[in-house]
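We count residues from 1, following the sequence as given. Everything quoted here is computed from the prediction, not taken from an experiment.
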Amino acid sequence: MGTKEEVRERLNIADVVGQYVRLTPAGKGRLKGLCPFHNEKTPSFQVDTEQGYYYCFGCKAGGDLFSFVQRTENLSFGDALRKLAEQAGVTVETRYGERSSRDIYDVNAFALEYFRQHLPGPGLEYFHRRGLTEETIARFELGYAPDGWDGLLSSARSRGLSDRQLLEAGLLSENTQTGRVYDRFRGRVMFPIRDHLGRLVGFGGRVLGDEKPKYLNTPETEAFKKGELLYGLNFARSAAQGGGELIVVEGYMDVIALHQAGFDTAAATLGTALTAEHATLLSRLEVQRLALMFDRDEAGLKATLSGLDQVVGSKLRVRATRLPSGKDPADAVMAGELHAVRQALAGGLDEVHYRVEAAVQKYGVATSDAKRRILMELLPRMQNLDPFDESAREMRRLACEPLGLKPEALQDWIANKAKRKTLTDTHLAGMSSSPQGDHELALLRQILLAPSLLAKLDGQTPWHNETVKKVLLAARGARSSEEILEVFRGQPEEQLLIRLMFEGRDPRAHSRAATEQFEQKVGAYAAAAVDDIQAGLSIESMRAEKEALAQQMVQASAEEKRALLVQISELQRAIEAEKRARRMQA
């Protein structure tokens with residue numbers, strides 16, 4: 001029997017890694033390429049052919065050829081050893097702990113042979129009625145499990161297989177009261193299920209009549225874990241890798257029909273929702289995008305996106321789509337509606353856009369509390385600041401517009417774990433990107449310099465910034481900025497006020513004389529600034545009103561449009577007059 005070292009001696013690590021990574025020379029005995037374990041644009045992954053090791057200077061992954069195959073193919077060490085031993089032409093001993101999966105593969109291979117032998121008859125007629133060609137039937141190794149309680153069992157016993165082996169592979173069922181065993185699959189067309197490496201891990205069976213259950217899968221075994229498997233992925237993975245899009249459907253026949261029609265990235269879950277394990281596997285295979293194609297109405301698709309595992313959304317860009325006819329993909333292909341399939345795949349609901357829109361519709365954006373709820377709901381998906389996480393980056397971008405936030409400020413808030421725990425009005429004010437928000441904060445800064453200027457405010461300004469509104473109400477009667485600050489001591493607004501006070505001071509005024517001179521001029525400076533800021537707020541308010549009137553014109557009648565145009569013209573004249581007044585004062 002061969003050993004690990006014998007396999008290592010016969011294989012060159014560069015040849016093994018080169019099957020997955022395009023390598024180029026990087027010096028004597030070294031090669032470099034793009035790391036297969038994380039997204040990057042500049043090669044930081046290197047292979048040392050003399051030492052037989054690889055290392056990534058980006059994600060710090062490293063090891064020998066065995067660990068590379070383990071990580072790349074999501075294999076146990078035993079399976080990686082066997083895979084490499086096969087390449088090297090070496091036979092290795094199977095350890096006791098690794099035998100059960102290997103036995104299951106062998107038993108499943110026997111069962112596949114049995115099902116294929118019994119395909120002619122009802123099974124083959126069914127597949128022909130569904131429009132499958134002989135080539136497709138052979139490619140997907142379709143078969144039939146005949147009626148009868150012990151057809152497979154008797155055949156297996158004649159081949160020297162034990163009942164225990166068939167039970168461990170999920171091919172038999174057992175009556176717990178009598179101990180009698182019998183064939184699990186009877187009177188069903190059979191779909192062999194292979195994992196992404198092509199290993200035969202189990203089966204799915206469909207009845208030809210109305211019996212229940214309609215579909216029956218292999219139960220959970222050492223090899224068959226349905227939350228980690230996607231039917232057809234062994235065919236679809238190569239076409240979907242490297243930026244391709246995997247089409248996820250609901251049934252075996254949907255997968256097969258789509259492949260036969262040329263949609264070679266189709267795969268299906270095994271009666272489960274997409275799981276975190278699915279996402280981890282697909283991202284490791286460099287699949288970046290998913291198109292969920294289900295025969296559901298729009299409400300059903302939205303429910304699917306709402307319930308999507310957060311890990312799936314964080315690792316993959318997901319869309320949900322359906323055929324306009326409401327048919328499932330297999331029926332649409334059989335009816336020759338290939339254009340409809342292509343059209344459906346070109347559109348659909350984008351999961352990132354949907355989550356942002358749904359949160360905005362759910363809470364609105366009229367108040368600080370509503371904005372806070374939206375951000376906290378979206379935070380789990382926005383908080384990954386990895387520049388290669390396209391979904392998180394896009395969600396942050398989409399959230400900024402309806403909430404009126406500065407992208408860089410939102411990113412800073414997300415990066416600060418302490419601020420993420422409690423999202424205050426102060427944080428929201430600092431993140432605001434609206435002109436009104438900026439003007440109002442500037443006005444508050446001048447009031448902190450000279451509280452007496454509060455008397456200049458007419459009391460009718462419709463404040464957009466809740467923090468500004470709160471502070472100005474509390475500041476009435478205050479004689480100094482310190483008195484205003486004392487009102488908010490220990491409250492979330494305190495840090496904002498301190499920052500505004502600091503920004504309002506002249507950074508060059510270091511000496512006491514310079515400070516006194518600066519304080520003497522503060523009143524005049526602040527008074528002029530308040531006038532200017534109030535004028536700016538007035539202009540922004542009129543602009544917002546003008547924009548609202550312009551939007552009303554889209555749905556207005558001809559007579560209503562004339563009236564709206566008059567109002568817009570009057571607002572524009574008022575804006576120009578305010579601008580002239582500001583220039584004269586300057």
Side-chain angles (χ1 to χ4, degrees), residues 130-133 136 139-140 191 193-196 198 204 215 226-275 277-298 300-305 307-309 312-313 315-354 390-391:
R130 297 302 301 270
L132 300 188
T133 65
T136 297
R139 185 186 183 210
F140 283 86
F191 302 86
I193 299 171
R194 295 184 180 272
D195 65 11
H196 67 287
Y215 282 96
K226 63 183 180 180
E228 301 174 7
L229 294 167
L230 290 168
Y231 178 71
L233 184 58
N234 54 311
F235 294 119
R237 60 174 288 187
S238 59
Q241 280 177 310
E245 183 174 60
L246 191 74
I247 305 169
V248 179
V249 292
E250 294 183 287
Y252 303 128
M253 283 300 302
D254 292 329
V255 172
I256 297 169
L258 285 171
H259 276 265
Q260 181 172 288
F263 300 93
D264 57 359
T265 63
T269 58
L270 304 183
T272 68
L274 285 166
T275 65
E277 289 76 19
H278 286 137
T280 300
L281 171 62
L282 292 175
S283 62
R284 185 176 293 124
L285 295 178
E286 297 184 352
V287 175
Q288 298 174 3
R289 296 179 292 129
L290 298 184
L292 311 181
M293 179 172 275
F294 300 149
D295 55 343
R296 301 174 191 168
D297 57 17
E298 186 163 324
L301 294 182
K302 288 180 177 179
T304 297
L305 292 178
L308 193 71
D309 189 289
V312 176
K315 290 181 178 290
L316 304 156
R317 192 65 182 267
V318 183
R319 292 184 300 117
T321 186
R322 68 187 290 269
L323 290 161
S325 62
K327 295 177 181 176
D328 62 38
D331 289 339
V333 169
M334 187 176 177
E337 300 172 4
L338 299 187
H339 176 71
V341 176
R342 296 189 188 95
Q343 191 176 27
L345 289 172
L349 297 171
D350 181 87
E351 186 253 352
V352 173
H353 286 76
Y354 167 70
E390 180 186 352
S391 294

message: Please verify the inter-ring angle class for Tyr215 with Phe191; under 30° counts as parallel, over 60° as perpendicular, anything in between as tilted.
response: tilted
Can you tell me how far the [atom1] atom of [X] sits from the [atom2] atom of [Y], to the nearest 0.5 Å?
| X | Y | atom1 | atom2 | result |
| --- | --- | --- | --- | --- |
| Ile193 | Leu270 | CD1 | CG | 5.0 Å |
| Leu229 | His278 | CG | NE2 | 6.5 Å |
| Leu345 | Leu258 | CG | CG | 8.0 Å |
| Leu301 | Thr321 | CG | OG1 | 7.0 Å |
| Lys315 | Leu290 | NZ | CG | 12.5 Å |
| Leu349 | Arg322 | CG | CZ | 10.5 Å |

I'd like to know if the side chain of [X] reaches the main chain of [Y], judged simply by a donor and an acceptor atom lying under 3.5 Å from each other, with no hydrogens or angles considered.
| X | Y | answer |
| --- | --- | --- |
| Gln260 | Gly131 | yes |
| Thr272 | Gly227 | no |
| Arg237 | Leu285 | no |
| Thr269 | Leu274 | no |
| Asp295 | Gly326 | no |

Looking at every heavy atom in both [X] and [Y], which two are closest together, and how far apart are they?
| X | Y | result |
| --- | --- | --- |
| Pro324 | Ala340 | CD-O, 4.3 Å |
| Gly251 | Ala268 | O-CB, 3.9 Å |
| Ala279 | Leu316 | CA-CD1, 4.1 Å |
| Leu246 | Ala236 | CD1-CB, 3.8 Å |
| Val333 | Ala261 | CG1-CB, 3.9 Å |
| Ala330 | Ala257 | CA-CB, 3.8 Å |

query: Does the side chain of Asp195 come within less than 4.5 Å of Glu228's, by heavy atoms?
result: no
- prompt: Is the shortest heavy-atom distance from the side chain of Leu282 to the side chain of Leu233 under 4.5 Å?
  reply: yes
- request: For the pair Phe294 and Asp254, evaluate side-chain contact (heavy atoms from CB on, under 4.5 Å) and give the outcome as yes or no after the intermediate values.
  value: CA-CA 10 Å; Phe294 300 149; Asp254 292 329; over 6 Å; no
query: Side-chain donor-acceptor pair under 3.5 Å between Thr136 and Thr133, yes or no?
result: yes
- prompt: Checking salt bridge (Lys or Arg N to Asp or Glu O under 4.0 Å) against Asp350, which of Arg289, Arg319, Arg317 comes through?
  reply: Arg317
query: Salt bridge between Asp328 and Arg296, side-chain N to carboxylate O under 4.0 Å?
result: no
- request: Using the side-chain contact (heavy atoms from CB on, under 4.5 Å) rule, take Leu323 and Glu337 through it: C-alpha gap first, then chi angles, then the decisive distance, then the call.
  value: CA-CA 9 Å; Leu323 290 161; Glu337 300 172 4; 5.7 Å; no
task: Keeping to residues at least two apart or across chains, list the ring pair (Phe, Tyr, Trp, His ring centres under 6.0 Å) pairs with something in residues 253-274.
output: Phe140-His259
